[in-house]
**Student:** 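I am attaching a structure below and will ask some questions about it afterwards.
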Amino acid sequence: MLKTLAAQIAKLEAAIFAKVRATPEFAERAEIIESVPGLAGTTSAILIAGAPELGKVSDEIAAALIGV
C-alpha cells in the first residue's frame, strides 16, 4: 500500500512540475523561487499556486501575504 501511494505521489508531483514548466509565466516564477538556496520544485509549485500575486505586488506586500 505504501509503495502504491509513493508511486502515485511521485506521478502527481511530476505532472505538477511539468505543468509549471509548460506555462511560461509559471516557469519564470519557479526559476526565481528556486534560485533561493533551499527552495526547490515542490516549494515553488506551492507558492505559485497559493500566492499567485507574487511578482505582481511590492516586496513588502508579498512578505505580509505569506506571513514573513
**Student:** Under 6.0 Å from the CD atom of Glu28, do we count more than 12 heavy atoms belonging to anything else shown?
**Tutor:**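 No - once you tally the heavy atoms of other residues, nucleotides and ligands closer than 6.0 Å, there are 12 at most.
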**Student:** Give the minimum heavy-atom separation between Gly41 and Ser44, together with the two atoms involved.
**Tutor:**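 Nearest heavy atoms, Gly41 then Ser44: O-OG, 3.0 Å.
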**Student:** Can you measure from CG (Leu39) to CD1 (Ile32) and round to the nearest 0.5 angstrom?
**Tutor:** 12.5 Å
**Student:** Kindly work out whether a path of hydrophobic side-chain contacts (I/L/V/M/F/W/Y, heavy atoms less than 4.5 Å apart) joins Val36 to Ile46.
**Tutor:** no
**Student:** Looking at CD1 of Ile48 and CZ of Arg29, how far apart are the two atoms once the value is rounded to the nearest 0.5 Å?
**Tutor:**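 These two atoms lie 7.0 Å from each other.
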**Student:** Can you tell me how far the CG atom of Leu12 sits from the CZ atom of Phe17, to the nearest 0.5 Å?
**Tutor:**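 One finds 10.5 Å between CG of Leu12 and CZ of Phe17.
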**Student:** To the nearest 0.5 Å, what is the distance between OG1 on Thr43 and CD1 on Ile33?
**Tutor:**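 With rounding to 0.5 Å, OG1 (Thr43) is 8.5 Å from CD1 (Ile33).
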**Student:** Can you give me the closest heavy-atom contact between Ala45 and Val20, atom names plus distance?
**Tutor:** CB-CG2, 4.5 Å
**Student:** Does a side-chain N-to-carboxylate-O contact under 4.0 Å join Arg21 and Glu34?
**Tutor:** yes
**Student:** Any donor and acceptor pair, going by atom type alone, linking the side chain of Thr23 with main-chain N or O of Phe26 inside 3.5 Å?
**Tutor:**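 It does not hold such a pair.
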**Student:** Hey, are Lys56 and Glu25 close enough for a salt bridge, meaning a charged N less than 4.0 Å from a carboxylate O?
**Tutor:**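 Judged by the 4.0 Å cut-off on N to carboxylate O distance, Lys56 and Glu25 do form a salt bridge.
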